[in-house]
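Letters A, B, ... mirror the listed sequences (proteins, then strands); counts begin at 1.
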2 protein chains.
Amino acid sequence: MKRVSIGEVTKATAIKAVTIRYYEKIGLFPPPARTGSNYRAYTTDHLRQLRFIRRCRDLGFTLDQVRELLRLSSQKNSECSNVDRLTARHLTNVEQKISDLEKLAGELRHLSKCCKGGGIIADCRILQALAPGEAAP
Amino acid sequence: MKRVSIGEVTKATAIKAVTIRYYEKIGLFPPPARTGSNYRAYTTDHLRQLRFIRRCRDLGFTLDQVRELLRLSSQKNSECSNVDRLTARHLTNVEQKISDLEKLAGELRHLSKCCKGGGIIADCRILQALAPGEAAP
DNA sequence: AATAAGGCCTATAGTGACTATAGAGTCAAG
DNA sequence: CTTGACTCTATAGTCACTATAGGCCTTATT
């Protein structure tokens with residue numbers, strides 16, 4: 001079967017070589033065979049897995065979650081509800097994070113509004129607002 | 001003047017003692033005096049600074065940005081436009097992150113929708129969707 | 001055949017912002 | 001006097017990489 005170098009994998013998956021080696025080191029996917037000169041030689045199976053990993057990471061899953069998804073996806077006959085649950089939980093996290101960030105953006109916008117332009121630090125409204133419990137005189 | 005222990009500071013600022021010591025170690029704020037038994041003894045100035053830091057962190061500024069804000073806020077007579085710029089840039093980052101996460105949440109919701117309940121892994125739409133370029137048969 | 005460029009190898013250390021752990025000294029109350 | 005809560009230092013671990021150093025392999029050019 002055809003085997004490719006780590007550089008080819010990088011081109012095909014957009015995962016950097018160092019990262020691929022790192023994934024191998026932490027046991028995220030099985031290590032590939034080596035050539036006579038000790039170069040890694042990947043199969044199309046590796047490529048498939050690494051694309052899967054890349055996609056999961058793009059979607060914000062942690063490496064532990066990816067590990068779990070890989071494990072689950074290898075058990076072809078077991079129930080798929082675990083996958084659904086994992087995805088749903090992750091979605092909840094992401095939604096929480098969005099709402100946190102939106103609150104935060106609101107506060108930052110508020111800060112930005114009150115200090116437009118050319119005062120001096122001593123009168124800076126932003127800094128005053130950042131110092132809690134210290135009302136402006 | 002009155003000085004308080006690290007425990008008091010923790011209560012007053014909601015920053016953990018270890019974190020306060022960590023901030024001290026990386027030089028984020030001046031180290032406090034010590035008691036005879038080598039305990040840290042904080043002034044109200046320290047308290048003010050640490051509350052400031054806490055607030056900045058809550059707003060998502062990095063420690064480097066906090067460092068800069070502290071530096072700026074100590075120069076009472078210089079211009080405040082730098083503070084404004086820093087805040088604005090941070091806001092832009094936050095807004096970018098929100099939009100990234102929203103796109104991501106959309107994809108996750110899409111995933112979640114297509115796999116509700118009780119199939120087996122071999123047919124799992126989520127896993128199929130996570131494997132790019134491998135269309136379902 | 002020598003050389004230079006580029007790809008690949010390993011191992012180690014660094015990032016940010018903490019968190020956890022171990023082992024020891026200090027203080028107040030009972 | 002002992003218990004328990006608090007404090008101290010130093011070190012290592014977390015996550016998901018990124019950077020660096022130093023050396024081998026391959027290919028193309030001279």
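Among the heavy atoms of the strands lying under 4.0 Å from A/R57 are primed sugar atoms or P, OP1, OP2 only; no base atom is included. Within the 4.0 angstrom heavy-atom criterion, no nucleotide atom of any strand lies near B/F61. At the heavy-atom level, B/I6 lies under 4.0 Å from the strands shown only through sugar-phosphate atoms.
Side-chain N/O atoms of A/S5 include one lying less than 4.0 angstrom from OP1 or OP2 on C/dC8. When the side-chain nitrogen and oxygen atoms of A/K16 are compared with OP1 and OP2 of D/dT18, one or more of them lie within a distance under 4.0 Å. Dashed line: the shortest gap from a side-chain N or O of B/R21 to OP1 or OP2 of D/dT9 is not under 4.0 Å. OP1 or OP2 of D/dT18 sits under 4.0 Å from a side-chain N or O of A/T19.
A heavy-atom distance below 4.0 Å to DNA chain D is reached by these residues of residues 28-45 of chain B, ordered by number: B/R34, B/N38, B/Y39, B/R40.
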List, with names and distances, any nitrogen or oxygen atoms from the protein found under 3.5 Å away from nitrogen or oxygen atoms belonging to nucleotides 28-30 of chain C.
none

Stepwise side-chain hydrogen bond (donor to acceptor under 3.5 Å, both in side chains) check, A/D100 with A/Q96: CA-CA 6 Å; A/D100 288 352; A/Q96 180 62 55; 2.9 Å; yes
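Heavy atoms only, all atoms of each residue included: A/L59 and B/L104 are closest at O-CD2, 3.0 Å.
No side-chain donor from either of A/H90 and A/T87 sits under 3.5 Å from a side-chain acceptor of the other.
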